[in-house]
Amino acid sequence: MCAEVSLSVLGEFGLIEQIRARFPQPVLPELGIGDDAALLTPSPGMQLLVSTDLLAEGVHFDRTFTPPRLLGRKALAVNLSDLAAMGARPRWFFLSLAIPSPFPLGEIEEILDGLAEQAAAHDCVLAGGDTCGSKSGLLISITVLGEQSLELVLKRSGAVPGDDVWVSGTLGDSALGLHLLQKGQRLNGEGTPIARHLDPVPRLLLGRELAEAGLAHAMIDISDGLLADLGHICRQSGCGAELALEKLPLSEQFRIYAAEQKPFPWQMAVSGGEDYELCFTAPPGNRAAIHEIGKKSGLLLTVVGKVTSCGQVHAKLPDGAVFAPSASGYTHF
Ligand code: ADP
Ligand code: MG
């Protein structure tokens, strides 16, 4: 497309046409972009799992330090992470955009490029959406549809006292990355805290392997911080949990940063949010089989505590004292 064409010249339908052209469409007899509603057919015997996330400029992302292509990748990744948390396989997604005017068309194209990359990586087909103007910032709303059979879906409500509490990957990197971005640092390589903040990887393979192996009782993705999200599992399962902070998986870069802070930034690791790792509970007898799945998925899996019957989540510091968080996770209001 010519660089000088602006969004106002392209118009709503021109933009929708641009979007359609960038994404492979559902295969007939299914219908994607272009009719009044999409027509989709789940695989035989499968249930649909549907999840929506809204990303608002100024709340979820800052355009001054977020490369548009990574914003597109992240917008889909955070939705796919919800499907991972249920053990589902992604199939389709819907994309709704509210765009302020004027807005650089090139930036929209880069966001779409990032979305298309992430969609292709996870075999997720764009089946429709909505496009309108915005009187404030840019809004990106995505709805993903995935599938899994009813008996294999992993809910938040299945934890049982005595279960191990597991987490994948390392925690706190994304929160540290955001802190560094806000202090003026910029993207500096793969796997760094800043990369983990700007370009999170949804743990889809791990989620499905755990669900399909029937090894876990409950699962959630860590979007608001381990304390808050494990709290959701506990509330919905009618139990509590005891975490040992010394067992938390922390990256080398997080440890280097943390060693210079006083006190140690446990808060960042357990309540920083946007980790997009999985937290799940499972009977201790499944440990060896779960470590095998970790190897297969290429992810570190760590037991960080136990499910209890006490009804609350407690975290213990390495010296045995109870950790008192100043906030358990990000809340909007
Ligand atoms: P309606 O007026 O019936 O809502 P629209 O003109 O909004 O229809 O949309 C026309 C078609 O384009 C629909 O199939 C819709 O799903 C699709 N569409 C609109 N906006 C987007 C978008 N941002 N991403 C993907 N598909 C879109
Ligand atoms: Mg519409």
Side-chain angles (χ1 to χ4, degrees), residues 1-3 5-42 48-63 66-83 88-147 198-200 202 204:
M1 123 142 327
C2 333
V5 174
S6 73
L7 200 49
S8 59
V9 170
L10 192 60
E12 178 188 342
F13 297 107
L15 178 59
I16 295 173
E17 192 42 48
Q18 281 281 309
I19 294 173
R20 200 188 58 75
R22 273 165 197 269
F23 291 84
Q25 285 298 287
V27 181
L28 283 170
E30 298 196 342
L31 295 174
I33 296 174
D35 217 311
D36 291 307
L39 186 159
L40 306 170
T41 315
L48 284 178
L49 292 109
V50 185
S51 180
T52 295
D53 262 313
L54 172 64
L55 272 76
E57 182 177 347
V59 179
H60 300 95
F61 60 91
D62 184 333
R63 280 170 58 218
T66 309
R69 187 177 66 83
L70 298 187
L71 177 57
R73 290 177 59 89
K74 184 168 177 176
L76 185 53
V78 304
N79 279 274
L80 292 172
S81 180
D82 285 318
L83 290 182
R89 172 165 86 97
R91 293 293 310 273
W92 303 283
F93 74 107
F94 291 79
L95 168 66
S96 295
L97 294 170
I99 308 170
S101 187
F103 195 92
L105 181 58
E107 208 171 311
I108 292 289
E109 290 178 327
E110 285 181 53
I111 292 171
L112 294 173
D113 287 341
L115 280 164
E117 272 175 29
Q118 194 73 280
H122 298 288
D123 220 1
C124 194
V125 170
L126 180 63
D130 202 17
T131 306
C132 69
S134 166
K135 295 283 181 209
S136 52
L138 177 68
L139 299 174
I140 307 174
S141 173
I142 291 183
T143 300
V144 283
L145 284 79
E147 56 184 31
L198 293 175
D199 194 12
L204 284 157

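Whatever order the structure lists them in is the order used to number ligands and atoms, beginning at 1. Worth saying up front: this structure is predicted, and the values here are computed from it rather than measured.
- By the ring pair (Phe, Tyr, Trp, His ring centres under 6.0 Å) test, His60 pairs with His332, sequence neighbours left out.
- Residue contacts with ligand 1: Phe23 is excluded, as none of its non-hydrogen atoms falls under 4.0 Å.
- Side-chain atoms of Thr66 come within 3.5 Å of backbone atoms of Asp62 as a donor-acceptor pair (strictly under, hydrogens ignored).
- For atom 4 (O) of ligand 1, the choice among Leu115, Asp130, Ile16 with the nearest heavy atom turns out to be Asp130.
- For the pair Leu80/Leu204, a side-chain contact is recorded, criterion being any heavy-atom separation below 4.5 Å from C-beta on.
- Residue-ligand proximity, Asp36 to ligand 1, at heavy-atom distances under 4.0 Å covers atoms 3 (O).
- Thr143 and Thr52 share a side-chain donor-acceptor pair at under 3.5 Å.
- Interface of Asp35 with ligand 1, defined as ligand atoms under 4.0 Å from a residue heavy atom, comprises 13 (C), 14 (O).
- Close contacts of ligand 1 with Thr131, meaning ligand atoms under 4.0 Å from a residue heavy atom, involve 19 (C), 20 (N), 21 (C), 22 (C), 23 (N).
- Between Gly34 and ligand 1, at least one N/O pair is under 3.5 Å apart.
- For Asp123, there are no side-chain hydrogen bond (donor to acceptor under 3.5 Å, both in side chains) partners two or more places apart in sequence or in a different chain.
- Annotation: side chain of Arg69 is in contact with side chain of Glu117 (closest heavy-atom distance under 4.5 Å).
- Of the options Cys132, Ser141, Gly129, Ala37, the smallest heavy-atom separation from atom 15 (C) of ligand 1 is shown by Gly129.
- Within the structure, the closest approach of Ser96 to ligand 1 does not fall below 4.0 Å when heavy atoms are considered.
- Where the criterion is an N or O separation shorter than 3.5 Å, residue side chain and backbone included, Leu95 meets it with respect to ligand 1.
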